[in-house]
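Input: a single structure, listed below in structure tokens.
Worth saying up front: this structure is predicted, and the values here are computed from it rather than measured. What you see below is based on every heavy atom in this structure, not just the backbone, and it leaves out hydrogens, waters and symmetry mates.
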Amino acid sequence: MHKLKKNFIMSSVKMIGIAFALTTTWYNSVAQDAYSPVPIRNDTAIQWSGGSVKLVNLTGNASAQNLKKFYLDKIRAKGVTAYEMSEGDKYPSSYRLFLPSLGTQDWLNGLGIELPETKSRKEWYFYDKTMPKDNPDRYRYRAGSEFSVDSCCGCDEAGAFRVKQKLEYKNGKFFIYNIWLSPLCARKAGSPVLEWYPLCNLAYSKPGREFPGVGNGIIYLDTDIIDYEFGKRFPSPFDTVLMTDRPDIGSLLYQDILKGDLRPLEIESGKPLDIKKLLTTGMGIDTVMDVDDDGNVTRYRAVQNLRSSSDFSRLRITQDFYFDFTNERLYSVVRSVVIVLPVLSYDGTLRGYFPFCRLE
């Protein structure tokens, strides 16, 4: 592998045209059901990028300024600069949003808001404040990840935001840029279900702006766990691959694991996983028959099932969120990346997902 790497670097310096042709040839011949080596990159070019629209918990810690209140107060007092982007536009257009009469919806009176126990499960519970905590009947409404088109009327104190993100991968690391965020307001969709109405797009920031660190109005808000699905097998309407001419993110991750740029670790213990078994762990073994020309069984043999490296395309990323209250920009700092694999029934129906390994 080291010899191949050395030869590739030398050829890329001396014979750029040949290297480009070889790379293009490889891209056209990637196998979906087995690993094929991706040309090793030693520069800082982006190897893969994706776009996402996510429901994020930005409730904030006890010492942080409340981001939801910050924006609702501005919208009521003097208005805010909001953004929208039409299909095909390269840059967003802006407008002023001023809602001095924006209040709390009447049906929210007497209700409190309880955060989800597991951050990777995006749910908010609205409960009756007059009932004891041990009474399960205290819960009146539940808001999941569905968005509403109902603009009327009022808002709430839940720290739920919709965030438009761009993800980039290079040199074994993920970088996440938050383009804008939208305060979400609960709307009745049928008891006890609520949906979220995005009030407007705020805090516009161009992708590529690096986190400058805490200070000068930038404070830590919250840590959230967000799932992304960039695979073709079970596509998500909220996640989109932006660089379609590149290998899928799962194959790139597997390449960097084989190269030693990433280490797969057990979720609970943190112990390294056997790289040679990443495509076979939990896959099971089938027994097949070999028959001769006359249809007679000659032998039975065991065949190990393999997963494709492209199955590593569902990611659970833990992010620390920081907000610049002076310039109104939201930053993400990636803390951990977990590969999540599907759980299938015997007929191939998707039953759920389970965390497979953590990348380090």
Kindly indicate, with the supporting measurements, whether the criterion side chain to side chain donor-acceptor pair (under 3.5 Å) is fulfilled by Asp222 and Thr59. CA-CA 7 Å; Asp222 217 326; Thr59 300; 4.7 Å; no
How close do Leu97 and Cys200 get, counting heavy atoms only, and between which atoms? CD2-SG, 3.4 Å
What do you reckon, are the aromatic ring centroids of Tyr141 and Trp124 less than 6.0 Å apart? no
Give a yes or no on whether Glu146 atom CD has more than 12 heavy-atom contacts from other residues, nucleotides or ligands under 6.0 Å away. no
Less than 4.0 angstrom from a charged side-chain N to a carboxylate O is my criterion; do Arg263 and Glu360 meet it? yes
Distance check, rounded to the nearest 0.5 Å: Ser49 atom OG versus Phe230 atom CZ? 9.0 Å
If you draw the axis of the six-membered ring of Phe98, does the NZ or CZ of Lys78 fall within 45° of it and under 6.0 Å from the ring centre? no
Exercise: do Glu229 and Ser236 side chains pair donor with acceptor under 3.5 Å: no
Give the ring-plane orientation class for Phe325 versus Phe323, where under 30° counts as parallel, over 60° as perpendicular and anything between as tilted. perpendicular
Over 60° means perpendicular and under 30° means parallel, so tell me whether Phe312 and Phe356 are parallel, tilted or perpendicular. parallel
For atom NZ of Lys188, is the number of surrounding heavy atoms from other residues, nucleotides or ligands below 6.0 Å larger than 12? yes
If we only count heavy atoms from C-beta on, is the Ser205 to Ile179 side-chain gap below 4.5 Å? no
Residues in ring-ring contact (aromatic ring centres under 6.0 Å, His included) with Tyr125, at least two apart? Tyr139
Is it the case that Arg140 places NZ or CZ above or below the six-membered ring of Tyr127, under 6.0 angstrom from the centre and within 45 degrees of the axis? no
Counting only heavy atoms from other residues, nucleotides and ligands, does the tally under 6.0 Å from CD of Glu157 exceed 12? no
Nearest-0.5 Å distance that lies between atom CD1 in Ile317 and atom CD1 in Ile225: 11.5 Å
Quick check for you: to the nearest 0.5 Å, what is the distance between Phe321 atom CZ and Leu181 atom CG? 9.5 Å
Pairwise side-chain contact, Ile176 with Lys166, heavy-atom cut-off 4.5 Å (strictly under): no
Please give me the minimum heavy-atom distance between Tyr254 and Ile275, naming the atom from each residue. OH-O, 4.4 Å
Please check: side-chain N/O of Asp156 versus main-chain N/O of Ala158, any donor-acceptor pairing under 3.5 Å? yes
What is the ring orientation for Trp196 with Phe126, classed by angle as parallel under 30°, tilted 30 to 60°, or perpendicular over 60°? tilted
Shortest non-hydrogen contact between Asn201 and Ser182, atoms and distance: OD1-OG, 2.6 Å
Answer yes or no: is there an ion pair linking Arg138 with Asp128, defined by an N-O contact shorter than 4.0 Å? no
Is it true that Asp248 and Lys232 make a salt bridge, defined as a side-chain N closer than 4.0 Å to a carboxylate O? no
Under 3.5 Å: donor-acceptor pair, side chain of Arg316, backbone of Ile339: no
Gap between atom CG of Asp227 and atom CG of Leu315 - 0.5 Å precision: 9.0 Å
Any chance CZ of Arg96 has more than 12 other-residue heavy atoms, nucleotides or ligands included, within less than 6.0 Å? yes
Is the backbone N or O of Leu341 less than 3.5 Å from a side-chain atom of Arg314, with the two atoms forming a donor-acceptor pair by type? no
Taking the basic N atoms (NZ, or NE/NH1/NH2) and the acidic carboxylate oxygens, is any pair closer than 4.0 Å for Lys271 and Glu266? no
Glu114 bridged to Arg142 by N-O distance under 4.0 Å: no
Say whether Thr298 and Asp292, considering side chains only, have a donor N or O and an acceptor N or O under 3.5 Å apart. no
Are the side chains of Leu265 and Leu273 in touch, meaning some heavy atoms are under 4.5 Å apart? no
Rounded to the nearest 0.5 Å, what separation is found between the CG atom of Asn178 and the OH atom of Tyr322? 13.0 Å
Using a 3.5 Å distance criterion without hydrogens, assess whether the side chain of Ser313 forms a donor-acceptor pair with backbone atoms of Ser310. yes
For the residue pair Asp224 and Lys122, establish whether any side-chain heavy-atom pair is separated by less than 4.5 Å. yes
Below 4.0 angstrom, N of the basic side chain to O of the carboxylate: do Asp274 and Lys276 qualify? no
Would you name the heavy atoms of Leu202 and Thr81 that are closest together and state the gap between them? CD2-O, 3.4 Å
Taking Arg246 for the side chain and Ile46 for the main chain, is one N or O donor matched with an acceptor at less than 3.5 Å? yes
Under 6.0 Å from the ring centre and within 45 degrees of the ring axis: does the NZ or CZ of Lys54 meet both conditions for the six-membered ring of Tyr228? yes
Sub-3.5 Å donor-acceptor pair from the side chain of Arg76 to the main-chain atoms of Leu102, do we have one? yes
Would you check if Val56 and Ile226 make a side-chain contact, meaning some heavy-atom pair closer than 4.5 Å? yes
Kindly give the heavy-atom pair with the smallest separation between Lys170 and Gln47, and that separation in Å. CA-OE1, 3.4 Å
Minimum heavy-atom distance between Ile267 and Arg358, given as atom pair plus value: CD1-N, 3.6 Å
Hey, does the Lys NZ or Arg CZ of Arg209 hover above the aromatic six-ring of Tyr331, less than 6.0 Å from the centre and inside 45° of the axis? no
Distance check, rounded to the nearest 0.5 Å: Cys155 atom SG versus Leu199 atom CG? 6.0 Å
What class does the angle between the rings of Tyr204 and Trp180 fall in, given that below 30° is parallel, 30 to 60° is tilted and above 60° is perpendicular? tilted
